[in-house]
Amino acid sequence: PAAGRVADGLLSRTRRALPIWSAQKELLREVASSPTLILTGDTGCGKTTQIPQFLHAAGYSARGMIGITQPRRVAAMSVAQRVAAEMGTQVGELVGYCVRFDDRSGPRARIRYVTDGMLLREAMSDPLLSRYSVLVVDEAHERSLQTDVVLAILKAAQAARAKKAVGPTEAEPTEAEPTEAEPGTAA
């Protein structure tokens, strides 16, 4: 009801006020033109929550999930909850997470927050990480052995996928204008 519309309006205003919002179009252009992209930004600028939503809205989730690594389980769970709320869905539906002993990403999940360790487990059975169209390594500056191994695996997977012509940028994104999905809809 009315309280839900007020909350949706507040989230929408909050999202548009984040520094990364104004760079959405340029960011999507860079992602489309580069198989690997390194992005830095101040804490709180919206990298972790907004970039996956931008990629989803631009069509990158049409051929696989958008995966975002997190070094800690609490971060993966809480960020997934925040993004699900911003997208007007429940955790486990369009947005999910996978941490040790807890996988809340259903078959319709298009954005998935995952700990470094869980992505390593997935890579053991699928070295190409073929269920993902895009993988974002978040908090890479925190440097751990797991993060370093994830980066090495992603480099190998990227090279192998390029040889097979199933690279992450093959999702053919649309030229999306900075927009926002209606609550409860897939952009």
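Residues take their numbers from the sequence shown, with the count starting at 1.
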Heavy-atom closest pair, residues Ala80 and Val91: O-CG2, 3.9 Å
Check: Val83 and Thr89 side chains under 4.5 Å, non-hydrogen atoms: no
Heavy-atom closest pair, residues Ala157 and Pro127: CB-O, 3.3 Å
Residue pair Val79, Ile68: steps toward the side-chain contact (heavy atoms from CB on, under 4.5 Å) verdict: CA-CA 10 Å; Val79 173; Ile68 309 91; over 6 Å; no
Tyr132 to Leu119 - nearest heavy-atom pair and separation: CE1-CD1, 4.1 Å
Spatial distance of atom CZ (Arg82) from atom OG1 (Thr14) [nearest 0.5 Å]: 6.5 Å
Pairwise side-chain contact, Arg100 with Thr115, heavy-atom cut-off 4.5 Å (strictly under): no
Salt-bridge present (Arg112, Asp103; N to O < 4.0 Å): yes
Residue Glu93 excluded, over 12 heavy atoms near CD under 6.0 Å: yes
Shared hydrophobic cluster for Leu151 and Leu145 (ILVMFWY, side-chain gaps under 4.5 Å): yes
Distance-minimising heavy-atom pair for Ala123 and Ile153: CB-CG2, 3.7 Å
Donor-acceptor under 3.5 Å (Ser34 side chain, Leu37 main chain): no
4.5 Å side-chain heavy-atom contact, Asp126 and Glu122: no
Val150 side chain reached by Leu120 side chain, heavy atoms, under 4.5 Å: yes
Leu128 backbone acceptor or donor facing Arg161 side chain under 3.5 Å: yes
Between CD on residue Glu139 and OG1 on residue Thr43, distance to nearest 0.5 Å: 7.0 Å
Distance (rounded to the nearest 0.5 Å) between His56 NE2 and Ile66 CD1: 7.0 Å
Value rounded to 0.5 Å, distance of CG in Leu94 from CE in Met65: 11.5 Å
Under the salt bridge (Lys or Arg N to Asp or Glu O under 4.0 Å) test, residues paired with Arg110 that sit two or more places apart: none
Shortest non-hydrogen separation from Gln70 to Ala75 and the atoms involved: OE1-CB, 3.5 Å
Nearest-0.5 Å distance that lies between atom CG in Asp116 and atom CZ in Arg73: 13.5 Å
Separation of Ser144 OG from Arg72 CZ (nearest 0.5 Å): 9.5 Å
Check: Leu154 and Val137 side chains under 4.5 Å, non-hydrogen atoms: yes
Side-chain heavy-atom pair Pro35, Gln158 within 4.5 angstrom cut-off: yes
Distance-only donor-acceptor check, side chains Gln81 and Tyr97, under 3.5 Å: no
Minimum heavy-atom distance between Val31 and Tyr60, given as atom pair plus value: CG1-OH, 3.5 Å
Side-chain polar contacts of residues 44-52 - donor-acceptor pairs under 3.5 angstrom, sequence neighbours left out - could you list them?
| from | atom 1 | to | atom 2 | distance (Å) |
| --- | --- | --- | --- | --- |
| Lys47 | NZ | Gly41 | O | 3.0 |
| Lys47 | NZ | Asp42 | O | 3.2 |
| Thr48 | OG1 | Asp138 | OD2 | 2.4 |
| Gln50 | OE1 | Arg15 | NE | 2.5 |
| Gln50 | OE1 | Arg15 | NH2 | 3.0 |
| Gln50 | NE2 | Glu86 | OE1 | 2.9 |

Any Val136 side-chain heavy atom under 4.5 Å of Thr69 side chain: no
